[in-house]
Q: 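Attaching a single structure in structure tokens format; questions to follow.
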Amino acid sequence: MKDLVEYIVKSIVSEPDKVKVTEENSDQGILIKLEVSPEDKGRVIGRQGRVAEAIRTLLRVKAARNETRVRLEIL
Amino acid sequence: MSKDAIEIATEVLDTLLKFMGIEGKVKVSSPGLPAVLDIEGQDLGILIGRQGQTLAALEYITRLIVAGRLKSWLPLNVDVAGYKRRRRESLQRLALHLAEQVKLRKCAISLEPMPPDERRIIHLALADHPDVTTQSIGDGENRKIVISPKA
């Protein structure tokens, strides 16, 4: 799950080395936490949250395939 | 669109699909402007989503990554098994059919809510129509087209 987020985010930020993605499992599904450099935060969220929402939409496809649920938090 | 740009776009979309756990083959169905990348495979309805929202997200993320790689924004469309092409053709037929109804009945007809790119297809299909005009009303996911007789 986290490799999808890592690939997308590292491709669109200016400092890919500072991208950190962690994945936690719980009974409510998978929680993915994303950390980027402060300057890149705007890029991964996007205007009106458009980029973050698109990433979440793609994550939901994978979650549906795995019959689980997924949440993405941007720290 | 340059061959390199298309190759990069194809590779980006391939990688996204792989990480999403989708088995699909990316084909370039139009190399021109905009380039169209069509995903072929079994059981790809999940990639389209309600009102095509998942496909829109996939297209948006693909464009973002490709733009980052090439340092410039490229006109690029992503389709799933020709879904958008077929949808465009049926919307164009629907638009012309409803325009006839509006003309005959002399009263406005409103359509189902649709996403922006689909509303655009209807507006364009009827832009030069001699007897009707179109406008969009409502907000967000409820935004829809009304076709009215010309005064």
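Residue numbering restarts at 1 for every chain, and letters A, B, ... go by the order of the sequence lines. What you see is a predicted model, and the numbers here were worked out from it, not measured in a lab.
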Q: Can you check whether A/Leu58 reaches B/Phe19 side chain to side chain, under 4.5 Å on heavy atoms?
A: no
Q: Is it the case that atom CZ in A/Arg50 sees more than 12 heavy atoms from other parts of the structure closer than 6.0 Å?
A: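 Atom CZ in A/Arg50 is not crowded, with 12 or fewer foreign heavy atoms closer than 6.0 Å.
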Q: Counting a contact as any heavy-atom pair under 4.5 Å apart, which residues of residues 2-21 of chain A contact chain B?
A: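 Interface residues of residues 2-21 of chain A: A/Asp3, A/Leu4, A/Tyr7, A/Ile8, A/Ser11, A/Ile12.
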Q: Would you find more than 12 non-hydrogen atoms of other residues, nucleotides or ligands less than 6.0 Å from B/Lys150 atom NZ?
A: yes
Q: Is atom CZ of A/Arg56 surrounded by more than 12 heavy atoms (other residues, nucleotides or ligands) closer than 6.0 Å?
A: yes
Q: Is there a path of hydrophobic side-chain contacts, each under 4.5 Å between heavy atoms, that joins B/Leu96 and B/Ile121?
A: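 Yes, B/Leu96 connects to B/Ile121 through the hydrophobic network.
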Q: Do B/Ile39 and B/Ile8 belong to the same hydrophobic cluster, where Ile, Leu, Val, Met, Phe, Trp and Tyr are linked whenever their side-chain heavy atoms lie under 4.5 Å apart, directly or via other members?
A: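 As far as the 4.5 Å side-chain criterion goes, B/Ile8 and B/Ile39 are connected within one cluster.
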Q: For atom CZ of A/Arg65, decide whether the heavy atoms of other residues, nucleotides or ligands shown that lie under 6.0 angstrom number more than 12.
A: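 Yes, because the 6.0 Å sphere around CZ of A/Arg65 holds more than 12 heavy atoms from other groups.
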Q: Does any backbone or side-chain atom of B/Ile61 lie under 4.5 Å from a heavy atom of chain A? Answer side chain, backbone, both or neither.
A: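 When you check distances to chain A, only side chain atoms of B/Ile61 fall under 4.5 Å.
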Q: Applying the side chain to side chain contact (heavy atoms under 4.5 Å, CB included) criterion to A/Val61, which one of B/Leu17, B/Ile46, B/Leu58 satisfies it?
A: B/Ile46
Q: Supply the atom-to-atom distance B/Met20 CE to A/Arg60 CZ, rounded to the nearest 0.5 angstrom.
A: 11.0 Å
Q: Look at the side-chain heavy atoms of Ile, Leu, Val, Met, Phe, Trp and Tyr, link any pair under 4.5 Å apart, and say whether A/Ile74 and B/Tyr60 land in one connected group.
A: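 Linked, A/Ile74 and B/Tyr60 end up in one cluster.
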Q: If you count heavy atoms of other groups shown closer than 6.0 angstrom to CG of B/Asp139, is the number above 12?
A: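 Not more than 12 within 6.0 Å, no.
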Q: Tell me, for A/Ile55 versus chain B, whether the close heavy atoms (under 4.5 Å) come from the side chain, the backbone, both or neither.
A: both
